[in-house]
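As the structure is a prediction and not an experimental result, all values here were calculated from the model. All heavy atoms count here, side chains included; hydrogens, waters and symmetry mates do not.
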Protein chains: 2
Amino acid sequence: MRIGDLAATAGMTTKAIRYYESIGVLDEPARTEAGYRSYGPASVERLEFVKQAQASGLTLAEITSILEIKDRGGNSCEHTRGLLKGHLDDLDRKIVDLQRARRELSKMYEGAALLDPAACTDPNRCQVITQSGDGL
Amino acid sequence: MRIGDLAATAGMTTKAIRYYESIGVLDEPARTEAGYRSYGPASVERLEFVKQAQASGLTLAEITSILEIKDRGGNSCEHTRGLLKGHLDDLDRKIVDLQRARRELSKMYEGAALLDPAACTDPNRCQVITQSGDGL
DNA sequence: CCCAAGCTTCCACCCAGCTGGAAGCTTGGG
DNA sequence: CCCAAGCTTCCAGCTGGGTGGAAGCTTGGG
């Protein structure tokens with residue numbers, strides 16, 4: 001199959017596929033006499049794998065390193081587990097940070113509800129921001 | 001104070017400060033006769049606010065929009081509240097997304113612990129990814 | 001045979017949030 | 001008076017994951 005068929009089957013663009021090849025996620029495929037890229041069904045599976053791994057939050061570099069190990073016939077379970085663990089930890093940190101930001105923002109928002117709009121007159125001092133903004 | 005002093009006080013680089021100015025996070029400051037940027041103590045406070053808001057996960061664009069309201073005097077409490085509400089909703093969506101990603105990743109990670117490493121041989125079918133990744 | 005669609009390569013650009021460096025002016029201590 | 005450090009502007013590039021477009025070749029149906 002040619003690159004357009006592969007792209008349609010795997011649900012991505014030909015641009016993305018060439019990009020993946022350029023950064024080493026995909027090997028260089030066989031070519032037709034005219035120089036067109038020629039793919040087999042294994043390429044569809046590989047792209048599905050890439051998509052799933054990507055949806056799980058792995059970067060293309062990490063996906064590439066998993067695929068490289070497996071291409072050499074090696075066992076990549078431990079490697080993969082390590083990568084996943086790292087991502088899990090990243091995610092946990094991000095979630096904690098966002099929840100903290102949410103608390104601060106929420107404090108500002110609730111504070112705004114309690115203010116008397118009539119008191120909002122000094123153009124140099126918005127109470128909503130300055131009151132709760134200190135903690136942000 | 002000049003930009004170097006401000007940078008040292010606020011704990012960032014002069015490059016970052018000029019960058020913030022260029023994208024509108026900071027207003028253009030007064031200049032000395034020689035053209036040097038000249039800052040007052042309020043700039044330190046403003047940069048502290050930026051740093052803290054950034055540490056909480058807000059983007060510079062979001063921080064800028066909050067600061068813009070502050071600059072306009074914030075004399076429209078309702079407008080300010082609306083903006084904060086928007087940020088709050090954004091944050092909630094981000095948190096939900098991350099939590100969903102975390103659940104999926106965790107499922108993959110736990111699944112990986114149960115697999116027999118010897119079974120991990122097919123380069124296109126890593127069980128760690130494909131077993132739990134189906135739901136993605 | 002013709003023409004559009006699809007393929008090739010290459011170069012550029014997008015987002016965010018900066019950083020680095022070049023070329024040239026100003027400031028301050030010895 | 002001199003020189004280094006600090007300031008100015010502008011231009012470039014970095015990461016990640018691609019997209020857009022130009023110029024030119026190939027393929028396939030009418």
Side-chain angles (χ1 to χ4, degrees), chain A residues 1-39 43 46-67 83 86-87 90-91 94 97-98 101, chain B residues 1-40 43 46-47 49-67 87 90-91 94 97 101 136:
Chain A
M1 69 199 317
R2 303 198 306 205
I3 196 170
D5 304 318
L6 177 60
T9 308
M12 48 181 64
T13 66
T14 59
K15 286 280 192 185
I17 292 174
R18 287 194 204 94
Y19 172 71
Y20 288 165
E21 184 186 322
S22 79
I23 62 169
V25 175
L26 300 182
D27 290 333
E28 295 185 10
R31 299 282 184 143
T32 66
E33 274 190 34
Y36 284 17
R37 285 172 180 79
S38 181
Y39 298 93
S43 294
R46 195 165 176 112
L47 282 182
E48 293 292 344
F49 174 89
V50 171
K51 274 177 68 180
Q52 284 172 352
Q54 230 180 345
S56 306
L58 299 184
T59 67
L60 288 178
E62 289 167 334
I63 294 167
T64 302
S65 80
I66 292 175
L67 287 173
L83 289 176
H87 272 287
D90 278 354
L91 234 37
K94 280 181 191 164
D97 284 349
L98 282 187
Chain B
M1 69 201 312
R2 301 198 307 205
I3 197 171
D5 303 319
L6 177 61
T9 307
M12 48 181 62
T13 66
T14 60
K15 286 281 193 186
I17 292 174
R18 286 194 205 94
Y19 172 69
Y20 288 165
E21 184 185 321
S22 79
I23 62 170
V25 174
L26 301 182
D27 290 333
E28 296 186 8
R31 299 283 183 143
T32 67
E33 274 190 34
Y36 284 17
R37 285 171 179 82
S38 181
Y39 298 94
S43 295
R46 194 168 177 109
L47 283 181
F49 178 87
V50 172
K51 272 178 67 179
Q52 285 165 355
Q54 229 180 345
S56 304
L58 298 184
T59 67
L60 288 179
E62 289 167 333
I63 295 165
T64 301
S65 77
I66 290 177
L67 287 174
H87 287 308
D90 280 352
L91 232 36
K94 280 182 191 168
D97 284 350
L136 297 181

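- Residues that satisfy the side chain to side chain donor-acceptor pair (under 3.5 Å) test with A/Y19, not counting sequence neighbours, are absent from this structure.
- The minimum heavy-atom distance linking B/I17 with B/Y39 is given by the pair CG2-OH, 3.6 Å.
- Relative to the side chain of A/T59, the nucleotides C/dT19, D/dC7, D/dG17 differ in distance, and D/dG17 lies closest.
- Looking at heavy atoms from C-beta onward, A/L47 lies out of side-chain contact with A/T9 at the 4.5 angstrom threshold.
- Here the straight-line distance linking atom CD of B/E28 with atom OG of B/S22 works out to 10.5 Å at 0.5 Å rounding.
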Open item on the list: Before you tell me yes or no, could you show the steps for A/V50 and A/L60 under side-chain contact (heavy atoms from CB on, under 4.5 Å), namely the whole-Å CA-CA distance, both residues' side-chain angles and the distance that decides it to 0.1 Å?
Closed with: CA-CA 8 Å; A/V50 171; A/L60 288 178; 4.1 Å; yes
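- Put simply, A/T13 has a side-chain N or O that comes within less than 4.0 Å of OP1 or OP2 on D/dT19.
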Restricting to nitrogen or oxygen on both sides, can you table the protein-nucleotides 11-13 of chain C pairs closer than 3.5 Å?
none

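- Rounded to an integer number of Å, the gap from CD of A/E62 to C1' of D/dT15 is 14 Å.
- For A/E62, the side chain to side chain donor-acceptor pair (under 3.5 Å) partners two or more places apart in sequence, or in a different chain, are A/T59, A/H87.
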TODO: Map every base of DNA chain D to its dot-bracket character, where paired means a Watson-Crick or G-U wobble contact with both distances under 3.5 Å and | marks a partner outside the strand.
DONE: ||||||||||||||||||||||||||||||
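- Following rounding to the nearest Å, B/L60 (CG) and C/dC18 (C1') show an atom-to-atom distance of 9 Å.
- Atoms CE (A/M12) and P (D/dG17) sit 13 Å apart, rounded to a whole Å.
- Closest non-hydrogen pair, B/P29 versus B/S38, comes out as CB-O, 3.7 Å.
- Within residues 20-38 of chain B, the residues that place at least one heavy atom under 4.0 Å from DNA chain C are, in residue-number order, B/Y20, B/A34, B/Y36.
- Following rounding to the nearest Å, A/Y19 (OH) and D/dG20 (P) show an atom-to-atom distance of 15 Å.
- For A/R18, the side-chain atoms get nearest to C/dT8 when compared with the rest of D/dG17, C/dT8, C/dT19.
- Put simply, CZ on B/R46 and CG on B/L26 are 6.0 Å apart, with the number rounded to the nearest 0.5 Å.
- Inter-residue side-chain proximity for B/F49 and B/I63 is flagged as met; some heavy-atom pair is nearer than 4.5 Å.
- Across the protein-nucleic acid pair, A/I63 atom CD1 and D/dG17 atom P stand 8 Å apart, rounded to whole Å.
- Taking 4.5 Å as the limit, every side-chain heavy atom of A/R37 sits out of range of all side-chain heavy atoms of A/R2.
- A/R2 comes within 4.0 angstrom of sugar-phosphate atoms only, judged by non-hydrogen atoms across all strands, and of no base.
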What does the list of N/O pairs under 3.5 Å between the protein and nucleotides 1-3 of chain D look like, with a distance for each?
none

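- Rounded to an integer number of Å, the gap from B/I3 CD1 to D/dT9 C1' is 12 Å.
- The distance between atom OH of A/Y39 and atom C1' of C/dG6, rounded to the nearest whole Å, is 14 Å.
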